[in-house]
Asks: 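Have a look at the structure that comes next, please.
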Amino acid sequence: MIDIKDLSVHYGSQDNSVLALDQININIGKGEIFTFIGPSGCGKSTFLYVLSGILRDYEGTVLIDGRPVDPKQQRIGLILQNYGLLPWKNVRQNIVLGVKIKGQPREEEYFDYILKQLGIDQLLDRYPKELSGGQQQRVAIARAFLLKPDILLMDEPFSALDAISREEMQELFLKIWQDHHVTTVFITHSVDEALYLGSKIVVFSSSPGRILGIYENPCFQRDNLRYHDEYYQMSKQLRNLLDKG
Ligand code: ADP
Ligand code: MG
C-alpha cells in the first residue's frame with residue numbers, strides 16, 4: 001500500500017542544510033497500523049509531511065498503491081501535531097471541511113456518533129481560539145475520522161489530552177479501526193502507546209532520523225496486554241533501542 005524507498009529529507013539551502021531523514025525504507029501493508037516512535041527532533045513530523053503530500057522536496061520514492069502521493073487522488077486523513085484547524089471557521093465548519101473538499105456525501109449518523117464519542121457535540125458553534133488544546137485535538141480527530149480515509153496519518157494525536165481522555169481516544173481509535181481497517185501511520189513518543197496501538201512498531205534514531213528497527217507487535221489487540229510477559233520484554237527492548245539510538 002505505502003512503499004517508501006531511500007527516503008531522505010534535507011531542510012534549508014545547500015551550504016546550510018539540515019538532514020532530517022536519512023535513507024528510510026519501509027513498506028506499510030493495507031489495513032495495518034504502524035506506530036512510529038523516536039526522540040524529539042528525529043524527523044517524525046517530517047516523515048508525515050512527506051506521506052501527506054505537504055512536503056514534496058525529498059529524495060527517494062514514496063508510492064501509495066503504486067502512485068506518487070497526491071491528496072487529490074488518495075483519500076488521506078491527516079491529524080497534524082498543531083491540529084491544523086482554520087481559525088476563521090467554527091468547529092462544525094472545520095470538521096466537515098475534509099468531506100466538503102472531497103465532495104463526499106455527509107453521513108449524519110456517523111457525524112453524530114463521532115462527535116458524541118469525542119465529547120465535542122456541544123462545541124459546534126465555537127471557534128478554535130475558544131477551545132482548549134485537548135478540544136482542538138478532538139476536532140482535528142473528528143475531521144480525519146469523518147472522512148473515512150484510505151490512509152490515516154496521525155502526528156502524536158492524543159498528546160494534548162489528559163491520561164483518561166487519552167485512553168478513551170485510543171479505545172475509540174481501535175474501535176473505528178476494527179470497523180474500517182484503515183491503513184494507519186501513527187506517530188508517538190510513548191512506548192506504551194506504540195505497543196497498545198501498533199500492529200507494527202518502527203523505531204527511529206535521534207536526528208537525523210534513521211530506522212533502528214521494525215517490529216511485529218506480539219501484543220497487538222491482546223486483552224490485558226500489560227500483564228503479558230511479551231509486553232514487558234518488548235517494552236524493555238524498545239526503550240533500550242531508544243536510549244542507545
Ligand atoms: P520530530 O517531529 O521528530 O520532533 P521534525 O520532523 O519536526 O521532528 O524535525 C526534524 C528535524 O528537522 C529537526 O532537527 C528540526 O529542527 C528540523 N526542521 C524541521 N522543520 C524545519 C524547517 N522548516 N527548516 C529547517 N529545519 C527544520
Ligand atoms: Mg513532531
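Counting convention: from 1, in listed order, for ligands and their atoms alike. All residue numbers refer to positions in the sequence shown, counting from 1. This is a predicted model, so every value here is computed, not measured.
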Asks: Hey, can you tell me if Phe47 and Phe36 have their rings parallel, tilted or perpendicular (30° and 60° cut-offs)?
Replies: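 Plane angle between 30° and 60°, so tilted.
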
Asks: Short check: is a protein heavy atom less than 4.0 Å from atom 13 (C) of ligand 1?
Replies: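 Protein heavy atoms within 4.0 Å of atom 13 (C) of ligand 1 - there is at least one.
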
Asks: Just jot down the ligand 1 atoms closer than 4.0 angstrom to any heavy atom of Ser40, in number order.
Replies: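 The list of qualifying atoms is 4 (O).
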
Asks: Give the residue, atom name and distance (to 0.1 Å) of the protein heavy atom nearest atom 25 (C) of ligand 1.
Replies: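 Here the closest protein heavy atom is Tyr11 CB, 3.3 Å.
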
Asks: Please examine the side chains of Asp22 and Ser8, heavy atoms only from C-beta on, and report whether any two atoms are closer than 4.5 Å.
Replies: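 Yes, at least one pair of side-chain atoms sits under 4.5 Å.
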
Asks: Once you round to the nearest 0.5 Å, how far does OH of Tyr196 lie from OG1 of Thr35?
Replies: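 Spacing of OH (Tyr196) from OG1 (Thr35) equals 13.0 Å.
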
Asks: Under 4.0 angstrom from ligand 1, any heavy atom of Gly41?
Replies: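 Flag set, Gly41 near ligand 1.
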
Asks: Taking only heavy atoms of Ala20 into account, list the atoms of ligand 1 that are under 4.0 Å away from them.
Replies: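 Answer for ligand 1: 12 (O).
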
Asks: Starting from atom 7 (O) of ligand 1, locate the nearest protein heavy atom and write down its residue, its atom name and how far away it is, to 0.1 Å.
Replies: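 For this ligand atom, the closest protein heavy atom is Ser45 CB, 3.8 Å.
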
Asks: Tell me which protein heavy atom sits closest to atom 8 (O) of ligand 1, plus the residue, atom name and distance to 0.1 Å.
Replies: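 I find the closest protein heavy atom is Gly43 N, 3.2 Å.
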
Asks: Using a 4.0 Å cut-off to any heavy atom of Thr46, which atoms of ligand 1 qualify?
Replies: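 The atoms of ligand 1 under 4.0 Å from a heavy atom of Thr46 are 5 (P), 6 (O), 9 (O), 10 (C).
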
Asks: Is any side-chain heavy atom of Gln178 closer than 4.5 Å to one of Gln221?
Replies: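 The answer is yes, as the side chains (C-beta and beyond) meet within the 4.5 Å cut-off.
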
Asks: Considering only heavy atoms from C-beta outward, does the side chain of Pro149 approach that of Ile76 to under 4.5 Å?
Replies: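 No. Closest side-chain heavy atoms not under 4.5 Å.
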
Asks: Under 2.8 Å from the Mg ion (ligand 2), is there any N, O or S atom belonging to Thr46?
Replies: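 Under 2.8 Å: Thr46 has no N, O or S contact with the Mg ion (ligand 2).
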
Asks: Gln137 versus Met169: any side-chain heavy-atom pair under 4.5 Å?
Replies: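 Counting from C-beta outward, Gln137 and Met169 never come under 4.5 Å.
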
Asks: Output yes if Ser40 passes the N/O/S-under-2.8 Å test against the Mg ion (ligand 2); output no otherwise.
Replies: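 Given the 2.8 Å cut-off, Ser40 does not count as a ligand of the Mg ion (ligand 2).
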
Asks: Is Gly12 in contact with ligand 1, taking contact as a heavy-atom separation below 4.0 Å?
Replies: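 Under 4.0 Å: no for Gly12.
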
Asks: Looking at atom 16 (O) of ligand 1, would you say a protein heavy atom lies below 4.0 Å from it?
Replies: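 No, there is no protein heavy atom closer to it than 4.0 Å.
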
Asks: With the Mg ion (ligand 2) at the apex, how many degrees lie between OG of Ser45 and OE1 of Gln81, rounded to 10 degrees?
Replies: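 The two atoms subtend 80° at the Mg ion (ligand 2).
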
Asks: Is there any N or O on Val18 that sits under 3.5 Å from an N or O of ligand 1?
Replies: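 It does not: no N or O of Val18 is found under 3.5 Å from an N or O of ligand 1.
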
Asks: Report the distance from atom CD1 of Ile211 to atom CD1 of Ile24, rounding to the nearest 0.5 Å.
Replies: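 Output value for this atom pair is 4.5 Å.
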
Asks: I need the Leu146 CG to Leu115 CG distance, nearest 0.5 Å.
Replies: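 Interatomic distance, Leu146 CG to Leu115 CG, rounded to 0.5 Å: 8.0 Å.
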
Asks: Do ligand 1 and Lys44 have nitrogen or oxygen atoms that lie under 3.5 Å from each other?
Replies: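 Yes; at least one N/O pair falls below 3.5 Å.
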
Asks: Establish, from distance only, whether the side-chain atoms of His10 and Glu59 form a donor-acceptor pair under 3.5 Å.
Replies: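 Looking only at side-chain atoms, Glu59 and His10 do form a donor-acceptor pair, the distance falling under 3.5 Å.
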
Asks: Check whether the side chains of Asn16 and Ser13 place a donor and an acceptor atom closer than 3.5 Å, and report yes or no.
Replies: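 There is no such pair (donor and acceptor under 3.5 Å, judged by atom type) between the side chains of Asn16 and Ser13.
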
